[in-house]
Amino acid sequence: GRKQSTITNYFVRT
Amino acid sequence: ILELRLVQATLFKNVLEAISDLFSKANFDFSGTGLELQAMDTSHVALVALLLRAEAFNHYLCDRDLSMGLNLADMAKAFRCANNDDIITIKAEEDWSDTVTFTFESPEDGEISIFDFDFVGTNGVPLEIPEFPESEYQAKVRMPSAKFMRICKKLSSFGDSGDRDTVVIISVDKECVNFFTRGKTGTSTIVCRQTQTVDKPKEPTLIEMKEQVSLAFDLRYMNSFSKGSTLSDQVTISLSSNLPAVFEYKIAETGYIRYYMLPRIEE
């Protein structure tokens with residue numbers, strides 16, 4: 001199967 | 001105080017059409033430059049960022065930055081009652097009432113509908129979106145947004161839509177962009193050739209390729225991203241093996257809507 005990563009660690013928490 | 005007016009509800013109806021099926025709530029940031037909206041789906045797999053500059057509004061008064069979380073499902077219901085040519089007014093005071101008022105006025109019979117939305121928590125947005133380096137994107141495809149929507153629909157009807165993990169594999173080489181999916185009993189491939197300028201098509205399919213790339217994306221999310229076609233007749237898809245893919249729709253010189261998500265990676 002293929003793993004789906006979340007997007008959050010590519011953006012910075014303001 | 002925040003007071004905005006749009007003499008046509010169409011733009012906002014289209015914005016909600018483009019985001020309310022995948023995102024349940026969004027953060028609305030109103031500032032002097034305009035509206036910036038951000039939302040993430042509950043599983044934090046996709047993020048959408050919308051910019052509508054102040055010029056998109058017929059009247060725009062915002063004398064203090066105001067940030068609010070709103071429930072998109074409730075807003076979509078309210079906007080479904082609105083007609084395209086209703087005049088919308090959006091108002092909020094900083095009287096700590098934590099509500100924003102949307103007023104729809106129908107120009108022909110003067111009927112007025114008023115909706116007050118309470119602010120809600122937003123799951124993890126707003127986030128700072130860095131300018132991802134162009135060099136990290138192996139390929140960029142610009143194509144008609146209606147074409148992208150049609151392709152997603154075709155693959156979904158063919159793919160095993162029951163299986164929540166059905167992916168579409170988007171492959172780009174210098175001549176064409178391929179969309180591939182595997183159904184229960186077979187596979188489907190749609191090939192879009194780069195249009196030559198001589199064809200002078202209404203809306204070209206253009207490919208910028210640094211190196212060949214082939215990435216897998218969850219088909220359900222692609223279908224939701226293709227709803228950006230309500231806001232623009234072109235979509236630009238930027239693909240990278242190690243950065244979020246970006247599906248961008250420019251909104252006629254007043255802003256854009258951008259959907260971000262990572263490709264699925266072979267375990």
Side-chain angles (χ1 to χ4, degrees), chain A, chain B residues 22-23 27 29 36 38-49 65 67 122-133 136 163-169 181-182 214-222 225 238 240-247 258-267:
Chain A
R2 292 185 172 91
K3 181 175 170 297
Q4 175 69 58
S5 302
T6 58
I7 192 102
T8 29
N9 44 3
Y10 285 85
F11 300 105
V12 180
R13 199 158 295 288
T14 45
Chain B
L22 181 57
F23 306 96
N27 185 73
D29 261 323
E36 290 189 67
Q38 262 194 33
M40 262 197 294
D41 68 310
T42 43
S43 51
H44 284 192
V45 160
L47 179 136
V48 66
D65 290 8
S67 184
T122 57
N123 63 337
V125 285
L127 293 171
E128 184 72 37
I129 300 177
E131 279 304 316
F132 295 117
E136 289 291 317
D163 168 9
R164 294 175 62 81
D165 282 350
T166 303
V167 294
V168 51
I169 295 179
T181 193
R182 181 174 297 284
S214 181
L215 298 171
F217 295 96
D218 189 307
L219 189 47
R220 279 180 310 118
Y221 282 91
M222 289 302 101
F225 290 9
S238 301
S240 163
S241 324
N242 43 34
L243 282 179
V246 190
F247 296 74
R258 290 175 184 152
Y259 302 88
Y260 299 84
M261 83 177 289
L262 287 167
R264 280 182 176 271
I265 306 294
E266 288 289 352
E267 294 275 26

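Every chain is numbered from 1, with letters handed out A, B, ... down the list of sequences. Heavy atoms only: backbone and side chains are in, while hydrogens, waters and symmetry mates are out.
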| said: Just to verify, what does B/Tyr221 make a side chain to side chain donor-acceptor pair (under 3.5 Å) with, not counting sequence neighbours? | reply: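 With sequence neighbours excluded, B/Tyr221 shows a side chain to side chain donor-acceptor pair (under 3.5 Å) to B/Asp41, B/Ser43, given in chain and number order.
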| field | Donor-acceptor contact below 3.5 Å, side chain A/Arg2 vs main chain B/Ile265 | value |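 Side chain of A/Arg2 to backbone of B/Ile265: no pair is present.
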| message | Using side-chain contact (heavy atoms from CB on, under 4.5 Å), reason through A/Ile7 and B/Met40 one step at a time and then give a plain yes or no. | response | CA-CA 9 Å; A/Ile7 192 102; B/Met40 262 197 294; 3.8 Å; yes
| Side-chain touch B/Met261/A/Gln4, heavy atoms, less than 4.5 angstrom |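 In short, these two side chains touch, coming nearer than 4.5 Å.
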| task | May I have the step-by-step check of side-chain contact (heavy atoms from CB on, under 4.5 Å) for B/Leu262 and A/Tyr10, ending in yes or no? | result | CA-CA 10 Å; B/Leu262 287 167; A/Tyr10 285 85; 3.3 Å; yes
| Proximity breakdown for B/Phe132 and chain A, heavy-atom pairs closer than 4.5 Å | side chain
